[in-house]
Amino acid sequence: MTEPALRNVSLPERLRAHLAIARLDHSIKNLFVLPGVIVPLSVYPALFTPHLFVTLLLAFVAVTLIACSNYVINEVLDAPFDRLHPTKRNRPAARGLVNIPAAYVQWLLMMVAGIAVGLTISRMFALVALVLWIMGCLYNFPPIRTKDVPYLDVLTESINNPLRMLLGWYAVTNVIVPPVSLLIAYWMLGCYFMGLKRFSELSEIGDRTVAGAYRASFKRYTPESLLVSVVFYASTAMLFLGAFIIRYRIELILGFPLVAFTMAIYLKLAFKHDSAVQNPEKLYREPLLMTSFASTALVMGLLLFIRIPRLELFFTPTLPSTTPAVAQPAPISYTPPGSQQQRLRVPAKI
């Protein structure tokens with residue numbers, strides 16, 4: 001692999017390069033934390049306190065620091081491969097603008113700072129933040145380097161979605177247990193987006209030899225195999241989203257057409273030349289997608305707080321049940337963050 005030509009780099013240019021490899025513009029991905037905040041609040045609105053604003057601000061800072069730490073090491077370790085990519089070769093590390101020892105220090109310091117901020121929220125929050133960072137290491141560092149293994153690259157990168165949801169969840173409460181069905185749906189939805197990103201990248205590069213030199217997993221991927229995997233991810237995501245909806249929030253079924261429409265728009269974008277799907281931080285440039293996404297988020301968010309009894313009656317089971325009734329867990333007492341007087345009676349899990 002070719003190395004960048006050695007040259008003197010001024011201090012201001014070096015500092016800008018180190019700021020750039022943290023990819024603060026990717027902080028838009030932290031929006032994936034929000035469902036983890038909204039769902040528990042929809043179950044127990046009393047969790048919403050003035051102190052929660054401060055907690056969520058700290059959570060955003062912690063998540064950003066951990067994510068940026070992962071981006072730094074990704075940029076450093078991927079620099080030799082990025083030089084083979086038509087656009088990523090312009091990244092600071094690929095151009096030789098980054099001081100590598102300093103970048104490793106930057107990587108570790110951002111992680112330590114993120115975990116430290118997370119500990120001010122709760123131990124569970126800090127633990128999930130640490131797992132998010134560890135997943136970044138598994139994704140980037142050899143000999144594991146899951147990003148080089150077909151399908152495992154998508155699965156391990158996309159698991160950051162449910163981890164972000166858990167970070168939002170544990171910023172709100174450490175008592176209510178998040179539903180497994182929702183976490184899996186969130187994971188598979190991330191796989192759907194990541195699978196289409198890989199498809200778009202491979203289609204854009206075209207030359208399989210060049211693509212395989214840039215990303216090892218492309219040696220075994222084909223456009224057809226990626227599209228087949230995308231169908232699997234989408235189907236699994238909708239299966240578990242449906243399980244969550246039927247079990248916990250039947251009203252959300254009214255927003256499902258918007259979810260499907262947004263996913264269809266995203267699929268279409270993956271076939272465009274120089275698609276924003278390859279760079280999710282640029283998706284805001286797609287007005288139809290942004291309108292659909294905003295409408296979906298708004299409708300689904302509102303439906304979490306609305307009850308429609310007639311809808312539940314409409315979906316009342318008509319077949320005889322063969323499953324024995326399961327006793328409900330005994331309620332436990334819980335004091336919301338920021339409150340010493342108000343007590344809630346909440347189930348052990350939802």
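Rounded to the nearest 0.5 Å, atoms CG (L267) and CZ (F193) are 11.0 Å apart. Here S158 contributes atom OG and M194 contributes atom CE; the two are 5.0 Å apart, rounded to the nearest 0.5 Å. Interatomic distance, SG of C191 versus CD1 of I184, reported as 11.5 Å (0.5 Å rounding). Separating the CZ atom in F240 from the CG atom in L189 is a distance of 13.5 Å, to the nearest 0.5 Å. Taking CG of L58 as the start and CG of L119 as the end, the distance is 12.0 Å to the nearest 0.5 Å. In this structure, the separation between CD1 on I115 and CG on L127 is 8.5 Å, given to the nearest 0.5 Å.
Note: Y214 and F218 have tilted aromatic rings, judged against thresholds of 30 and 60 degrees for the angle between ring planes.
Using a 4.5 Å cut-off between side-chain heavy atoms of Ile, Leu, Val, Met, Phe, Trp and Tyr, with links allowed through other members, L196 and M290 fall into the same hydrophobic cluster. Note on Y139: it does not cluster hydrophobically with F141, by side-chain heavy-atom contacts below 4.5 Å among ILVMFWY residues. In this structure, L288 is a member of the same hydrophobic cluster as L269, with clusters built from ILVMFWY side-chain heavy atoms closer than 4.5 Å. Criterion: ILVMFWY side-chain heavy atoms under 4.5 Å apart, direct or through other members. Under it, I306 and I246 are part of a common hydrophobic cluster. Transitive grouping of hydrophobic side chains (ILVMFWY, heavy atoms separated by less than 4.5 Å) keeps M135 and V149 in distinct clusters.
Counting heavy atoms from C-beta outward, V231 and L227 have side chains that stay 4.5 Å or more apart. Here the side chains of M300 and R249 are not in contact, with every heavy-atom distance at 4.5 Å or above. M188 has its side chain within reach of L155: a pair of non-hydrogen atoms, C-beta onward, lies under 4.5 Å apart. Using a 4.5 Å heavy-atom cutoff, the side chains of L41 and V172 are in contact. Proximity of T64 to L24: side-chain heavy atoms (C-beta onward) are separated by under 4.5 Å at one or more points. Contact of the V128 side chain with the R164 side chain is not registered, since no non-hydrogen atoms from C-beta on lie closer than 4.5 Å. In this structure the side chain of P178 reaches within 4.5 angstrom of the side chain of L166, judged on heavy atoms. Between L11 and L15 the shortest side-chain heavy-atom distance falls below 4.5 Å.
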Test log, rule side chain to side chain contact (heavy atoms under 4.5 Å, CB included), inputs I66 and M111: CA-CA 5 Å; I66 295 296; M111 179 274 292; 4.3 Å; yes
Mind running side chain to side chain contact (heavy atoms under 4.5 Å, CB included) on Y71 and I21 for me, showing each step along the way? CA-CA 7 Å; Y71 289 137; I21 64 175; over 6 Å; no
As a quick check of understanding, evaluate side chain to side chain contact (heavy atoms under 4.5 Å, CB included) for V98 and E75, giving each step before the final call. CA-CA 10 Å; V98 173; E75 184 102 8; 5.6 Å; no
I'd like to know whether E13 forms a side chain to side chain contact (heavy atoms under 4.5 Å, CB included) with L97, so could you lay out the CA-CA distance, the side-chain angles of the two residues, the decisive distance to 0.1 Å, and finally the verdict. CA-CA 8 Å; E13 190 176 14; L97 302 178; 3.7 Å; yes
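A donor-acceptor pair under 3.5 Å is formed between the side chain of Y192 and the backbone N or O of M263. Not one N or O on the side chain of S69 forms a donor-acceptor pair closer than 3.5 Å with the backbone of L65. Using a distance-only test at 3.5 Å, with no hydrogens or angles considered, no donor-acceptor pair links the side chain of T146 to the main chain of L152. With hydrogens and angles ignored, the 3.5 Å screen pairs no side-chain donor or acceptor of S203 with any backbone N or O of S200. Here the side chain of W107 pairs no donor or acceptor atom with the backbone of N74 at under 3.5 angstrom. In this structure, the side chain of S225 engages the main chain of T222 through a donor-acceptor pair within 3.5 Å. Between the side chain of R145 and the main chain of L138, no donor-acceptor pair closer than 3.5 Å is present.
Applying the side chain to side chain donor-acceptor pair (under 3.5 Å) test to residues at least two apart or on different chains, the pairs with a partner in residues 292-306 are T262-S292, T262-T296. The ring pair (Phe, Tyr, Trp, His ring centres under 6.0 Å) analysis of residues 287-319, with sequence neighbours excluded, yields no pairs. Sorted by first and then second residue, the pairs that involve residues 185-207 and meet salt bridge (Lys or Arg N to Asp or Glu O under 4.0 Å), not counting sequence neighbours, are K88-E201, D153-R198, R198-E201, E201-R215.
Between A94 and R83 the shortest heavy-atom distance is O-NE, 2.8 Å. Considering all non-hydrogen atoms of both residues, A59 and A171 come closest at CB-CB, 4.0 Å. Across all non-hydrogen atoms, the minimal contact from H18 to N99 is NE2-N, 3.2 Å. In this structure, I250 and L311 approach most closely via the heavy-atom pair O-CD2, 3.7 Å. When all heavy atoms of P150 and D148 are compared, the pair lying nearest together is CD-O, 3.7 Å. Here the shortest heavy-atom pairing between N140 and N70 reads ND2-O, 4.2 Å.
Taking the charged nitrogens against the carboxylate oxygens, D78 and K147 do have a contact shorter than 4.0 Å, which makes a salt bridge.
Environment of CG in L31: crowded, with over 12 heavy atoms of neighbouring residues, nucleotides or ligands closer than 6.0 Å. Under a cut-off of 6.0 angstrom, the local environment of CZ in R220 is sparse, with at most 12 non-hydrogen atoms contributed by other residues, nucleotides or ligands.
Taking the six-membered ring for Trp and the full ring otherwise, the centers of Y221 and F199 sit at least 6.0 Å from each other. Ring centers of Y186 and W169: at least 6.0 Å apart, outside the cut-off.
Between L254 and the options V299, I245, I308, a side-chain contact (heavy atoms from CB on, under 4.5 Å) holds for only I308.
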